[in-house]
Each structure stands twice: as structure tokens, then as C-alpha cells.
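The structure under discussion appears below in the form of C-alpha cells.
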Amino acid sequence: MRKILFSLASGALGLALTGAAQAHEPERHGHHTPRPAVDVRFYYRDHGVRFDAGYSYPGRDHHHWARRVWDPRFARYQYWDASLCRYYYWCPQHQCYYPTSYRPF
């Protein structure tokens, strides 16, 4: 009987210590949000092309958008550029992202 009680107590103690170690693990790493791989504050300077309506982003490979929303009026997604505080849309004819205020046609 002592062996069973000792085994149960050891198991409970082991679980308690494991749970405590897991509960304290985030403190080791801090409580901050990880930074994105791309610094979006000045993304337009390195990746945008200046033109009369602001900046455009040529090519499809841009991952700095803060959010994506569906625009039912034009049946397309709009992408929020947090560094310039404006929405963009993908123009497949020109293979480019343009500000929503710009119409190339």
C-alpha cells in the first residue's frame, strides 16, 4: 500500500512541477508580440515606386499588408498599407498594387 501511495504522490508531484515549469516558460521569453519579418514603417521606400498618385508596388510578392478586406463593389480584395495609411488593390493587367484612389484605365 505504501508503494502505491508513494507512486501516486511522486506522479502528482511530477505533474505539478511540470505544470509550474510550463506556466513560467513565457516569462523567460517576455510578454511581447514578435516583430514581423518585414519592417513595414518604411516599406514603401525600399519596395514602392513613386508616381503621380503616390506609390505603387510592382509584382505580386508583397507581404507587408496589415489587413485585407473584401470590396464587394469592385469584387476584389483591398490591402491596408499601414506605413502610408491607405488601401491598395491588385491590378492583374499591370501586375501591380495601386492605391484604391487610382484608376489606370
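Values below: every heavy atom of this structure, side chains too, minus hydrogens, waters and symmetry copies.
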Distance, nearest 0.5 Å, that separates [atom1] of [X] from [atom2] of [Y]:
X   : Y    : atom1 : atom2 : result
R76 : T100 : CZ    : OG1   : 7.0 Å
R86 : S101 : CZ    : OG    : 4.0 Å
Q78 : R73  : CD    : CZ    : 8.5 Å

Apart from Y98 itself, residues in the same hydrophobic cluster as defined by side-chain heavy atoms under 4.5 Å:
F51, Y89, Y102
Connected hydrophobic set around Y87, excluding itself, where side chains approach under 4.5 Å:
V69, W80
Does Y88 reach the main-chain N or O of Y55 with its side chain, forming a donor-acceptor pair under 3.5 Å?
yes
To check you understand the geometry: which heavy-atom pair defines the closest contact between P58 and S56, and what is its length?
CD-O, 3.7 Å
Of all the heavy-atom pairs spanning R103 and F74, show the shortest one and how long it is.
NH2-CZ, 3.3 Å
Tell me whether the centres of the aromatic rings in W90 and Y79 are closer together than 6.0 Å.
no
Would you tell me whether D81 and Y57 have side-chain atoms, one donor and one acceptor, within less than 3.5 Å of each other?
yes
Under a 3.5 Å threshold, yes or no: a donor from one side chain and an acceptor from the other, between Y43 and H62?
yes
